[in-house]
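Here the structure is laid out as structure tokens; the discussion comes afterwards.
Each residue takes its place number in the sequence, starting with 1. Because the structure is predicted, anything quoted here is derived from the model rather than measured. Remember, it's 1-based here, ligands and their atoms both numbered in the order they're listed. Only heavy atoms go into these numbers, but all of them, side chains included; no hydrogens, no water, no symmetry mates.
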Amino acid sequence: MCEINTIMEPLTDHNKYRILEDIITPLGRLPYEKQLILKRNLVRDHVELLTKKKCKHSRILPITPSPVLDHYRNKDEFNVHMGKDGDPKTFGFFTGNLGNNSVFAVSPTHLRNVKPEHKQVLQVFEDFVRKSPLPPCYLLNDGGYWRQILIRSNLKGDIMAVVVVHPRNRSSEEINEEKEQLIQHFKDNNIQIHSLYYHLSEHVKSTEKNSKLTLIHGEPYIYEDFLHSKFRISPLSFFQINVKAAEVLHEELLQLAEFKNTNTLLDLCCGIGTFSISFAKYVRNSVGVEQSMSSLNDALANCSINNVHNCFFTLGKLEERLSSVYSSLENVHELVVVLNPGRSGVHPRVIQLLLDYPLVNKLFYISCKPDNVSTARNVTSLLGTGKKKIKPFKLKAFKPVDLFPHTLHYEMIMHFER
Ligand SMILES: C[S@@+](CC[C@H](N)C(=O)[O-])C[C@H]1O[C@@H](n2cnc3c(N)ncnc32)[C@H](O)[C@@H]1O
């Protein structure tokens, strides 16, 4: 599924790159110091929204800047649509207005947060698709084939690409021929792809559960050096997009958490295990919960790669697994919870389970979208349900970290205790 960036100004072939910059990197023309001042004010607004103006501003710690400003995105999804120049096989971000049927794909060429290597892979892939006799797929029922390319990379420059196509009723011979030609095309253009996958998907949102992902060239994984560990990343696993700033986020959390070697860390929404594994040496043990099989398998592999033996991981949705995780905990003295869900927060049941469990007294809620309504609901519930028997949490501090320079986004660590 792809987001459409709605615009007011009519899009033309001349203004398309500027408009895309204004949408994706709206702060990009300001010096970084000014961007941080603006974000500081944004953080205050969000804190007022989250706490209904009840929080003292002194609890808001200064925003930590990102150590890298440009070309930091290690993952991009480019979808196909009509280009403003009339080319029906244009890959990029969708811009326009669904209401009057004027959606166009605009190439990321001018975006300063996108890596040049990603732009180059995209360009070579788009050339291939434009020469292909197979049509683009804008809608699931339009008979088209080419849909999307997902490009990710590590700091070393290894590239992983996932080409998403709609198989229709094309024969496997025809699809295999397309795959071979694509591999050859990348070689002919001197593009080295470390891992090249093909994803046959008949669904709006292509996931590991609903459709088949096949490695067609190279190695199955890329690896990233992160803090003092090494992390395996599968094509559909979550990994923070700005690696160097994510390291800063982990360091900030480490300072706030003041872990003791008697602590058990509950790493909720643990992804490929970066919190558990990075903090393994500071705590007695940790338990991670994650709903994505691909991320969880990476987390397990990452423990062995890093020789870590005190982290345990369990697969499932938090709202379904948390009670049994509590039951499995043995000799726990002090729990520290790190909850790091996606932009829409967690199910209210998760918050209730956290409130109900007497050993949860220190909790860090990390959000990339603190102004989201569901996140705000999660925070409000943690601060008090109105039920007398349940002790609510207090907010000790807000620590924003800028993971997304030039955009209006940042990560917020919210420190709760009771
Ligand atoms: C923002 S990512 C954070 C991952 C990890 N903490 C990190 O920093 O790399 C959110 C993760 O939560 C997982 N997730 C989202 N909702 C979940 C749920 N209800 N139960 C378990 N995991 C969930 C997603 O699959 C994703 O891997």
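Ring-plane geometry between His250 and Phe279 is classed as tilted, the angle between the planes lying from 30 to 60 degrees on a 0 to 90 degree scale. Ring pair Phe226/Phe231 is perpendicular by interplanar angle, where above 60° counts as perpendicular and below 30° as parallel. In this pair, Tyr198 and Tyr145 present their aromatic rings tilted. The plane angle is within the 30 to 60° band.
Between Ser234 and Asp298, the side chains place a donor N or O and an acceptor N or O closer than 3.5 Å (distance only, hydrogens not considered). For the residue pair His406 / Arg112, a side-chain donor-acceptor distance below 3.5 Å is found, with atom types taken as modelled. Side-chain contact of Arg321 with Ser324: a donor-acceptor pair under 3.5 Å is present, judged by distance alone.
For the pair Lys39 and Tyr410, the NZ or CZ position fails the cation-pi test of under 6.0 Å to the six-membered ring centre and within 45 degrees of the ring normal. Under the 6.0 Å distance and 45° angle rule, Arg232 counts as a cation-pi partner of Tyr221.
Counting only heavy atoms of the protein, atom 11 (C) of ligand 1 lies nearest to Glu290 OE1, 3.7 Å. Counting protein heavy atoms only, atom 3 (C) of ligand 1 is closest to Asn340 OD1, 3.1 Å. In terms of protein heavy atoms, atom 20 (N) of ligand 1 is closest to Leu318 N, 2.9 Å. Of the protein's non-hydrogen atoms, Cys269 CB, 3.1 Å is the one closest to atom 12 (O) of ligand 1.
Every N/O-N/O distance between Lys317 and ligand 1 stays at or above 3.5 Å. An N or O contact shorter than 3.5 Å links Gln291 to ligand 1 by distance.
Neither the backbone nor the side chain of Ser237 comes within contact range of ligand 1; no heavy atom lies under 4.0 Å. Of the heavy atoms in Glu319, only side-chain atoms (C-beta onward) come closer than 4.0 Å to ligand 1. Neither the backbone nor the side chain of Ala246 comes within 4.0 Å of ligand 1, counting heavy atoms alone.
Taking 4.0 Å as the cut-off, Val346 does not count as a neighbour of ligand 1 on heavy-atom distance. Contact between Phe275 and ligand 1 is present, with at least one heavy atom of the residue lying under 4.0 Å from the ligand.
Set against the non-hydrogen atoms of Thr274, the atoms of ligand 1 under 4.0 Å away are 7 (C), 8 (O), 9 (O). Ligand 1 places these atoms under 4.0 Å from at least one heavy atom of Cys270: 5 (C), 6 (N). Counting the atoms of ligand 1 from 1 in the order shown, those under 4.0 Å from a heavy atom of Gly316 are 20 (N), 21 (C).
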**Request:** Check step by step if salt bridge (charged side-chain N to carboxylate O under 4.0 Å, His left out) holds for Arg29 and Glu21.
**Result:** CA-CA 9 Å; Arg29 290 191 189 88; Glu21 282 180 281; 3.6 Å; yes

